[in-house]
Amino acid sequence: MDASALQLISEVGARLSQRSRPTKDFIVKSLRQAVSALSQLKQFSLIETSNEAQDNNEEEVLRKQEAAQNRVASLKTLEHVIASDLLQYADKDVRLLVAICVAEIFRVRAPEPPFEDKDLKGVFKLIVSTFADLADTSSPFFSKRVKLLETVAQLKCCLIMLDIDSEDLVIEMFKIFFSVVRDDHHASLTNAISSIMIDILNAGASLKLLEVILQNLIKGRKDATCAASQLAASIISCADEIELKPLVCWFLTSCINDRNAVSSGLKESYHEIIFKIFQCAPEMLLAVIPSLIGELLSDQVDVRIKAVNLVGKLFTLPEHHAAQKYHDLFMEFLNRFSDKSVDVRISALQCAKAIYVANTSGREFHQIIRAIEDRLLDFDDRVRMQAILVACDLSKSNLQLAPSKLISQVTERIRDKKISVRKRALQKLMEVYQDYCKKCCEGSMTTCDHFEEIPCKILMICFDKDCKEFSSHNMELVLADDLFPEHLSIEERTNHWIHIFSLFSPLHEKALHTILSQKKRLQNEVKNYMALRKQLKENWSEDLQTATANMFTKIASFFPDPSKAEEWLLKVNQLKDNNLFNSLEQLLEEQTFTTRKIIQDKLMKMVGESNPYFEFLRSLFSKCSYNIFSSEHVHYILDYLSNSTVGSKRLKDSSIKLLLAIARTFPSILKDSEKQFQMLLEQKSEFSDKLIEVLAKAGSHISIKLSDIYPFLQRMCLEGTRTQAKFAISAMAALSSDQSFFSDLYKELAVSLYSQRNVPTVLQSLGCIAQCSMSGTFDTRDEEITSYISHRIIQAVPWDDVHNASSCQLKIYGLKALVKSYLPEQGNCARRNIIGLLDILFRMLQQSDHFVGLNSSESDGPCIRLAAAKSILRLSRRWDQHISPEIFRFTISIAKDSSSSIRRSFLNKVYKMLKERRLPIRYACAFPLAVMEGTEDLQCYKTKFLAEFIKDYSIVARTQQVSFVQGAVFCYPAYVVVFLIHVLSRDTGFPSEGCQDEQLFADICSPLYIFMQALVNSSIVGGGQDLVNDAVLYLFSILRAIRKAEDAVDVQMTTKLHMLADIGIFILNALKHGEISASQAPGQILLPSSLYKMSFAKNNANPRKSYFDECFLSGVLQKLRSYVPQACVQKPLRILKNGRKCQEDVPKCNLNTYITSNLASSKPDDLLWRETTRVKSVRPNIPSGKRRENAVSSTTSGPVGLHECSTIHRQQNITSEPCERTLEGNQHSSCDSVSSLVELHVSTRKSKRIAASLIENAVRSGKYAAQPSKRPKTDLNDSCGTKKEDVLTDLSNQCHLWHCEPEKHSYLGGVKKTKATTGSKITNKGTSLNQENANENGRGRSTGTSESEVVNTNEKATSHLVSRSRRKRMDYDF
């Protein structure tokens, strides 16, 4: 067989060699014969080995060797033809057959290489070129090429290329292999290729071959094949590390340590190479790891960033556990989270999520989490933002394993100082919360507190005022549209709300109430607009059109951009599509969530996304609909409460609180839930208190008959707790307008009171009936009940403790009941006699020990004082004009009580009532009085109250000032100084005149210093330098006025008032507030006549001497600065006219200069005429801007007038306007004659009455004769040897006492006469209001002084008020 095959091969070789120019067909035919014959031959070496084993005869061996030589010789002819002629043949078919013949010859002659050395290179070129066609898998010769490749790989004949120094050809072959390999190639083909390449690398690897491999390892091909990269990875992982590893490590370490010395183009991609090699052969990189640590510590930021990205990717390979194996590398990577470079920290964070997913347990897991948590507090906002993204993304990747602490810290970033961080935190947390809700709905998760905290934190954004995106208007849309997944069911939404509410604090409840309240107000405004629109269609008028425009302004205020919203509203109003407005009406009335959604979707479809109004209308429709809470939410909550087997006590409590929050704002959506409600009430559950409160809020909107549940409510009033009784009374009032229920209940309560059964609850019920009853049920037995409570409870003998509750607590309950009876929610309380109650309260404040028993607790006395003080605060809403200076002073002194808990409780109450505008502004005296008391923490707590009060009232007084009467600045916080100085003058430790003890005066004046310092601190005021300047000017005018006044309560205290005023002016001067001229200050200030009066001393014409020299005052100021809490004395910013901060000294003007003129010879009429002319002609020197609009008008010379004042009984509730509530119970009168009035823009009944009272009482003051002003010049000698200029210049050149004749200047001339006299504008309503005020004075009160007597028709009332409350209702203008 072999002989014939050899013979054929020899013949083929001979034929081919004989033809000089053979044709292709001839060559192909011949080569095919040769291939066929070669394939039949066995490998020569195998034959020889077999023969040697079988025969050891020498002759036979020689014969067989000769046969072997003949076999080789038979191939030589073909080898010669191939080497000389066929290797260069261009035809592919021929070259393939030649290559196959060559491969077969190599097989047959192995291990001896065929061909001569000079021909081998050409032979291998032919073979390599044939491999290039392996990419064409569709070729009919593809299988033959694969066979050729497998033969070459099996024979390892390519190693011969290394022996003949054909490295270039080897490199070319490697490149061809990488180029032709495909993902769809059979495994045998890729195995053959990798076998060839690995054999060569194991025999003699070189840097050039390594470079080819690494190029393909990281190669990104356009056809998206990864076969070449996989082939390279396979080669690296299978090659002998002894040959390849040194080359790899040398190359990579050279790139890291000395990149410039590496000539390869791969040196810039070494990080990618490391990552790829680490995936396939990580042990090969052991020597490279130390160099990576060095890169993480490099001084170059870009090097550290690249190293962080690489190492981060290494740690994301879960199967290699690189974080555990290379601990040092991991620890250095963690250090990059706190790198000094922001970009490095961001890069580390970007790697964190993948590392977290790859390491879901172990120490490395927790270390990564801690690193992310730390970056959430990074000082750079970009890092914090990236930390938020990473934290939220890894939480979403596995919500069940998400660390609760991490989620909580991310939610804190919603209140970040950077708006961009807040926005990103809000966006990502909403995504997390929605995913969490979906998981809960699917049942794969249960509710978790740390996820439910997310809505809680989102609600708190409402308190951020620095960005309109976070206003409550936008947060409403977030809660309605973005908080829950769109298709989440009502049950799931309500369950989440119940859990959210269980985590609420009072601030959260306040924020939610703010959002719901504004939603309700908007709905009401839109309903009003819809009604007005119908009227306009029926009967168009200019007034209705104006009303519509005004209504649009109101509606627009509920949007983040009111001006743009108003513009859109005007455009929408012009639409003619009635269907749109009809559907909007349906939306406003629809209270079910599901139907609401259908209507809203219908509306949006009607508008169309292409409509320019689309986005605005979507917001409007969302705000108008019940998309946060609906009637379906209410039904589910009631069902949840009815089911005793579902829910914990905490969640039950939360659900009832949620129901109450809904009822407070949207009571109408409780309609149709009466049956569920009654079932709950009949169950006598632990939620009865809250259910009754819900009933009180929503009673008028649900159809429950009071008679059906009256026994239950009656039992609560008689036998329940005080809380239950309070809400039971409110529920009765809400459910029925029939007051007979109260009458019957009142009788039963009286019986229970007399028989001493459950007295605390009975007292609560009686007090609440007095507040709620419109028919005066309480008044019918006023004397009987009041006498019993007063004598048998409040003033009972201390040892007569016969009640269930403690004597002290019972007295407080009785006191609360009496106070409520004087504060009815509806009706008139003026007919009740307040004097008796005030006397009791005064004694409780002054002698609290007389109201407690001998064996009482130490806290009883302070509790009695606190209860009395809080009662005064409550009564001041309507009865402040009856509260004497003594009562006021003792009330305020609770701020300095020896008990810290009493002080804190009292200050909290004052702060809350001032914040809600339910307390006259003078009670703010409590804040500076209390600051010096208690520990440092408590001082800061009180200082916060003071700062917030000043900030709040300063801005409101500036923008919403009601009275523009000259000198009427009692809306401003600075006016509190008027009362504070009067209180300080009564201090028992006040030094006597002539005392030079600086410490004593510093102790006395510390509250004044604290308050003044806060007033002129721009960081506290918060309204810019204009508000600070206002405060300085008002303080100057107030202090100057006090120096010219006498104490109206006790003349002996006048000296103390003047001392305090002097010290106050010196303090104001020391604050150095820029170049402020006294000409800008009000020339006259109204002072309360109950505290101050005009001085008529004979020596008043001469300027008085200063009580202190400047050196002494400097010492007092130094003492004040040394121990007053630093939180109160932050140095304010000084603003120059160009607006920049400045620390240079500004020259001060003299505050203490008085220039007087002798007016003894002036006739009253002439003086009045002269001053009237001055008021008309002189314009105050007031800066432009807001001061020009709002500042009180003043003259250059401060006229001084003395006038009577009659106060006004307020018979309506305090209105919501801030300034109206701070008018000190209407106890201020005009500062001069009618000519002192400037434009009166009075918007409410109360402020109009004030204006009328000021006009009337200005006329009444005419009986006071003009007195020459005789004050000695102030002694300005500086005992310290230096002179110091004052900040403010006193431009009051004269001090006048105005004389007005009633016959000539009464207000009979109406508006025209007033306008002619003053040059001011007074509305026509002024006359009727003046008469109304006069009528009230005639019915109720009149006041008098020692020098004038005013006739009053009710002499008994007058004498009663004067004798019991010692209130002289006069205001003095200084």
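Here, residue 1 is the first one in the sequence, and each next residue gets the next number.
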Visitor: Go through the side-chain N and O atoms of Gln1013 and Asn1017 and say whether any donor and acceptor fall under 3.5 Å apart.
Guide: no

Visitor: Using a 4.5 Å cut-off on heavy atoms from C-beta on, say whether the side chain of Arg413 contacts that of Leu377.
Guide: yes

Visitor: Evaluate the ring planes of Phe1001 and Phe1112, with Trp represented by its six-membered ring, and classify them as parallel (under 30°), tilted (30 to 60°) or perpendicular (over 60°).
Guide: perpendicular

Visitor: As an exercise, state the distance from SG of Cys1005 to CD1 of Ile1067, rounded to the nearest 0.5 Å.
Guide: 6.0 Å

Visitor: Given 3.5 Å as the limit, does a donor-acceptor pair link the side chain of Ser1006 with the main chain of Asp1003, or not?
Guide: yes

Visitor: Measure across Phe1108 and Asp1062 and return the closest heavy-atom pair with its distance rounded to 0.1 Å.
Guide: CD1-CB, 4.3 Å

Visitor: Looking only at heavy atoms, which two atoms of Arg1121 and Ala1070 are closest? And how far apart?
Guide: NH2-O, 3.6 Å

Visitor: Quick one, Asp880 with Tyr923, criterion side chain to side chain contact (heavy atoms under 4.5 Å, CB included). Give me CA distance, side-chain angles, the key distance, then yes/no.
Guide: CA-CA 11 Å; Asp880 193 51; Tyr923 288 88; 3.3 Å; yes

Visitor: Tell me, with the steps shown, if Phe890 and Ile872 meet side chain to side chain contact (heavy atoms under 4.5 Å, CB included).
Guide: CA-CA 10 Å; Phe890 275 98; Ile872 294 295; over 6 Å; no

Visitor: Under 4.5 Å between any side-chain heavy atoms of Phe888 and Ser876, yes or no?
Guide: no

Visitor: Under the salt bridge (charged side-chain N to carboxylate O under 4.0 Å, His left out) rule, what do Asp997 and Lys1119 come out as? Steps first, then yes or no, please.
Guide: CA-CA 11 Å; Asp997 191 329; Lys1119 295 285 185 184; over 6 Å; no

Visitor: Side chains of Leu984 and Arg889, heavy atoms from C-beta outward: is any pair under 4.5 Å?
Guide: no

Visitor: Any heavy-atom pair between the side chains of Val931 and Phe1011 that's under 4.5 Å?
Guide: no

Visitor: Once rounded to the nearest 0.5 Å, what's the spacing between atom CZ of Arg384 and atom NZ of Lys417?
Guide: 5.5 Å

Visitor: Is a donor from one side chain sitting under 3.5 angstrom from an acceptor on the other, for Ser985 and His982?
Guide: no

Visitor: Please find the pair of heavy atoms, one from Ile1042 and one from Leu1057, that lie closest to each other, and give the distance.
Guide: CG2-O, 3.9 Å

Visitor: Show the numbers, then the answer: is there a ring pair (Phe, Tyr, Trp, His ring centres under 6.0 Å) between Phe949 and Phe945?
Guide: CA-CA 6 Å; Phe949 160 75; Phe945 280 169; over 10 Å; no

Visitor: Quick one: does any side-chain atom of Tyr1009 pair with a main-chain N or O of Ala1002 as donor and acceptor, under 3.5 Å?
Guide: no

Visitor: Could you check whether any side-chain N or O of Ser905 sits under 3.5 Å from a backbone N or O of Ser901, counting only pairs where one atom can act as donor and the other as acceptor?
Guide: no

Visitor: Nearest 0.5 angstrom please: Ile461 CD1 to Ser472 OG, how far?
Guide: 12.0 Å

Visitor: Which residue in the set Arg865, Arg904, Arg903 passes salt bridge (charged side-chain N to carboxylate O under 4.0 Å, His left out) when paired with Asp897?
Guide: Arg865

Visitor: On a heavy-atom basis, which atom in Ile1038 and which in Ala974 lie closest, and how many Å separate them?
Guide: CD1-O, 3.4 Å

Visitor: Ring-plane angle category for His473 and Phe558, please: parallel below 30°, perpendicular beyond 60°, tilted otherwise.
Guide: perpendicular

Visitor: Within 45° of the ring axis of Phe470 and under 6.0 Å from its six-membered ring centre, is that where the NZ or CZ of Arg422 lies?
Guide: no

Visitor: Without swapping roles, check the side chain of Tyr1092 against the backbone of Val978 for a donor-acceptor pair under 3.5 Å.
Guide: yes

Visitor: If you take all heavy atoms of Ala511 and Phe463, which pair is closest and at what distance?
Guide: CB-CE1, 3.8 Å

Visitor: Should Pro973 and Leu1015 count as side-chain neighbours, where that means a heavy-atom distance under 4.5 Å?
Guide: yes

Visitor: Quick one about Tyr1034 and Asn1029 (side-chain donor to acceptor, distance below 3.5 Å, no hydrogens or angles considered), yes or no?
Guide: no

Visitor: Could you go step by step and tell me if Lys909 and Arg874 meet the side chain to side chain contact (heavy atoms under 4.5 Å, CB included) rule?
Guide: CA-CA 10 Å; Lys909 187 69 173 179; Arg874 295 187 185 98; 3.9 Å; yes

Visitor: Which pair of non-hydrogen atoms, one from Ile921 and one from Tyr972, has the smallest distance, and what is that distance?
Guide: CD1-O, 3.6 Å

Visitor: Would Asp952 and Arg917 count as a salt bridge (charged side-chain N to carboxylate O under 4.0 Å, His left out) here? Give the steps.
Guide: CA-CA 11 Å; Asp952 190 12; Arg917 302 303 195 273; 3.0 Å; yes

Visitor: Just so I know, are the side chains of Phe927 and Ile950 near enough to count as touching, which here means a heavy-atom distance under 4.5 Å?
Guide: no

Visitor: Is any side-chain heavy atom of Arg922 less than 4.5 Å from a side-chain heavy atom of Ile883?
Guide: yes

Visitor: Hey, which of Leu980, Ile981, Val910 is the one that makes side-chain contact (heavy atoms from CB on, under 4.5 Å) with Cys925?
Guide: Leu980

Visitor: Hey, could you give me the CG/CD1 distance between Leu1120 and Ile1063, rounded to the nearest 0.5 Å?
Guide: 8.5 Å

Visitor: Would you check, one step at a time, whether the test side chain to side chain contact (heavy atoms under 4.5 Å, CB included) holds for Ser1037 with Arg1040?
Guide: CA-CA 5 Å; Ser1037 298; Arg1040 180 177 61 182; 4.1 Å; yes

Visitor: Report yes if some heavy atom in the side chain of Gln518 is under 4.5 Å from a heavy atom in the side chain of Arg521; otherwise report no.
Guide: yes

Visitor: With rounding to the nearest 0.5 Å, note down the distance linking SG in Cys462 to NZ in Lys510.
Guide: 11.0 Å

Visitor: Just how far is it from atom CD1 of Ile1004 to atom CG of Asp987, taken to the nearest 0.5 Å?
Guide: 3.5 Å

